[in-house]
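This report concerns only the one structure given below.
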Amino acid sequence: MAAPTNRLHHRRLVLLCLFLGRLWETRASQIRYSVPEETEEGYIVGNISKDLGLELRELAERGVRIVSRGRTQLFALNPRSGSLVTAGRIDREELCAQSARCLVNFKVLVEDRVQLHGIEIEVTDINDNNPKFQVENLEVKINEIALPGTRYPLPEAVDPDVGLNSLQSYQLSPNHHFSLDVQTGDDGTISPELVLEHALDREEEAAHRLVLVASDGGEPRRSSTVHIRVTVLDTNDNAPVFAQPIYRVKVPENVPPGTRLLTVSASDPDEGTNGEVAYKFWKISEKQSRLFQLNENTGEISTAKSLDYEECAFYDMGIQAEDGGALKDRTKVLISVEDVNDNRPEVTITSLFSPVREDAPQGTVIVLFNAHDRDSGKNGQVVCSIKETLPFKLEKSVEDYYRLLTVRNLDREKTSEYNITVTATDRGTPSLSMEIHIPLHVVDVNDNPPSFSQTSYSVYLPENNLRGTSIFSVTAHDPDSNENARVVYSLAEDTIQGTPLSSYVSINSNTGVLYALRSFDYEQFRDLQMQVRASDSGDPPLSSNVSLSLFVLDQNDNMPEILYPMLPTDGSTGVELAPRSAEPGYLVTKVVAVDRDSGQNAWLSYRLLKASDPGLFTVGLHTGEVRTARALLDRDALKQSLVVAVQDHGQPPLSATISLTVAVADSIPDVLAELGSLESPASPDDSGLTLYLVVAVAAVSCVFLAFVIVLLALRLRRWHTSHLLQASGGGLAGVPTSHFVGVDGVRAFLQTYSHEVSLTADSRRSHVIFPQPNYADTLISQESCEKSEPLCTSDDSRFPIEDTPLVPQAPPNTDWRFSQAQRPGTSGSQNGDETGTWPNNQFDTEMLQAMILASASEAADGSSTLGGSAGTMGLSARYGPQFTLQHVPDYRQNVYIPGSNATLTNAAGKRDGKAPAGGNGNKKKSGKKEKK
């Protein structure tokens, strides 16, 4: 039994220690000051910074301020001195009425720490109020038969001051019949009474005048007076008597005005006017006199205005009853006002820390507020609450102060603003409540990186795109706000085939649009892998990456390439062998081709485009195999020409061709014997014609060479017989003719169209002019005229050449040039430029050479002209009626034969009176020579 008793004893000691410690902490945090009333504004009450342990600068830095509820601020903080000063005049009587101690309580808040310190200031009283009577003149009626010692109550003075400054004494002016007696009540109040010392005689003196002085004990002493007139009356035997010395009543504060509270009653046994009693207030404050009213005849006390428990809960007043004979009695009425739950709780926000960062730790104070109810008891007990779904909780701080704290981390992206509803409810019956709404803004913190809608992106771009083409657009979303949500796009550094990625693509940092910086080639690379980075502009910035694959789509931009058979480097076609004994379906060769494109663009098909014998060979559509379609016959040509086309399936399709030559022979020697005369024609259709042209050209060249030799022989013979040559004295008689004009000269004449040769008989110097070719595509024989030789003569020429002047060639005659329609050629269509150059077509060249030989034969006699009467030289049947010899250049106009004065001219030109164009300069020279 002893052990449990000791344990219980120890538990009680621990609880007592805890209680005393908590009480000590409460008292230790309470700071007390005192200040006299009626001080001027700015009166220093105390050094609050020192008592709080703060430096002067910390008052502003920590947000130290005064918080109070529902009343005018009486005190203020001086941030310069750190002192607590009065904010205005303080009237103790108005503030605390008749309370023995006047205490003013408020809180000082250290905002950054959310700490509350209690401040208690006692307002001390000064003697600033005089004792005051309710009336200034008082009439007292006393019956003349009144016995000495009879007491008559006098009105009491009221002094709102307390202590020594309150009412302390009464004094009565000296009088033979009356004296003053002061009675002290249980509550310490003093009441003056008039005592009759000697009997009165109405006949001697009907009225007496007295002065009653009420004085306090303050310094300086203050006092007030009332003038009393004592009227002596006839005999009145009995005075009124109240039924109770003290009347007590309790009334709820919510009674309406005019409600009867109680009725005081005094009885008087006298009859007549001496028995009629009248009631009136004899001791009541000015404030109470406005709240209550007294019926003088019935003694009924009722409310004149609404009562308020919160303003005053207790009223004390004196009632006097007086009969017609001026006899009086007094009683006291005590009215207690009962509290009614008629006031809703009041919530006052002391501090609001808004906005708050979303990364604020748990337990961060958001709001500090005060919740109070002016009612008392349970009616004044307030309970505050908020919704449980919110990330906040309420915690009671000091007395009726509450703190709103965070219970978990906030997320601005989910909720950027809270409208917190705090409900304050009292415990009255019925309970009253009120709500306040506290807006709270959550400040964004850069806690979210930008995010892409997909984990990866695939982009398809056709090749051969234009530079600067927009490829794709990526978008990243950042749920933060303002700068924390502004996204900047970039590409991660990388290299592709040794080249930086930035040289291939770029990205708009603001919009995320990707651009191609070059044209992509599918055959070069088929895809690009890159990382797109999205960074926000927060501090520090956050970023995220996404992979982007750029696939290049193939376009049909490459034509098929033929790998086999390979064409020879000399420009001829390859030759494939096919034995004459080959059966149908015999594999002659296979065309192998590839396409650098892919997919459908690389699907190749083969077909036979042209063939010497279309029905002899077939080509596999997909294999490219060239096979015989039938058995070979003896009548089939030895050489078969094929053109195979290879085409892809792109859009549009591209193709390539290859020319094949198939030699049909049973043995290799047969092929070699025939291949010597084979030459790849320009086209398969012209292969037979070319062979005949070669033979014709060879024959014409031989005939032309014989003609030139005969012509030169005739000209040399005439030159020997010329009289000009005889006059020269035979200086050149021993020179062979071949030294002047040889076979090489004739070849040069044919190749350059014209030479101008001028020899003089009386000159020891030769004057030979070789004009430059008139056309850029005419080749001069390197054997007959080298660059190092000034003259086209043989090595043993006897003509001095060291001082031979080179006469510039005059412009060529343009009259003989052909127009496009007049030039010779097959079917009237010719190729070549408009400058009249020698035909490039081999067939046309040979035909023109034949025409020149024919014209040279007609001019061999020296007297006939090139033109003739017909002027067609039999060529119109070949080239058409529009072609005549006037379209052929006159090669005779610039040829001078030594030893003769004959000149080859155009007879038609002479008839027309026109000089041959292009020969004017040289003709003047020849004229001078003829005169000589």
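Side chains are part of it too, since the values below use all heavy atoms of this structure and drop only hydrogens, waters and symmetry mates. Numbers here are sequence positions counted from 1.
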Just wondering, more than 12 heavy atoms not from [X] lying within 6.0 Å of its [atom1]?
X      : atom1 : value
Glu139 : CD    : yes
Glu395 : CD    : yes
Arg427 : CZ    : no
Lys141 : NZ    : no
Leu56  : CG    : yes
Glu296 : CD    : no

Closest approach of Tyr170 to Ala157 (non-hydrogen atoms, all atoms of both residues):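 Nearest heavy atoms, Tyr170 then Ala157: OH-N, 3.0 Å.
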I'd like to check Gln168 versus Ile190 (side-chain heavy atoms, cut-off strictly below 4.5 Å). Are they in contact?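 No, every pair of side-chain atoms sits at 4.5 Å or beyond.
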Could you tell me whether the side chain of Leu210 reaches within less than 4.5 Å of the side chain of Leu194, counting heavy atoms only?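 Answer yes - side chains close enough.
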Rounded to the nearest 0.5 Å, how far apart are [atom1] of [X] and [atom2] of [Y]?
X      : Y      : atom1 : atom2 : answer
Glu253 : Ser376 : CD    : OG    : 8.0 Å
Ser397 : Asn370 : OG    : CG    : 10.5 Å
Ile420 : Leu404 : CD1   : CG    : 5.0 Å

Give a yes-or-no answer on whether the side chains of Glu156 and Ser191 include a donor-acceptor pair shorter than 3.5 Å.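 Per modelled atom types, Glu156 and Ser191 side chains form a pair under 3.5 Å.
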Any donor-acceptor pair under 3.5 Å linking the side-chain atoms of Ser351 with those of Arg65?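 Result is yes, a qualifying pair exists.
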Would you confirm whether [X], through its side chain, and [Y], through its main-chain N or O, come within 3.5 Å as a donor-acceptor pair?
X      : Y      : value
His198 : His176 : yes
Thr303 : Pro256 : yes
Thr331 : Ile319 : no
Asn341 : Pro430 : yes

Parallel under 30°, tilted from 30 to 60°, perpendicular over 60°: which one fits the rings of Phe242 and Tyr279?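 It falls in the tilted class, 30° to 60°.
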With the threshold set at 4.0 Å, does a side-chain nitrogen-carboxylate oxygen contact exist between Glu122 and Arg101?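 Here Glu122 pairs with Arg101 in a salt bridge, since their nearest N and O are under 4.0 Å apart.
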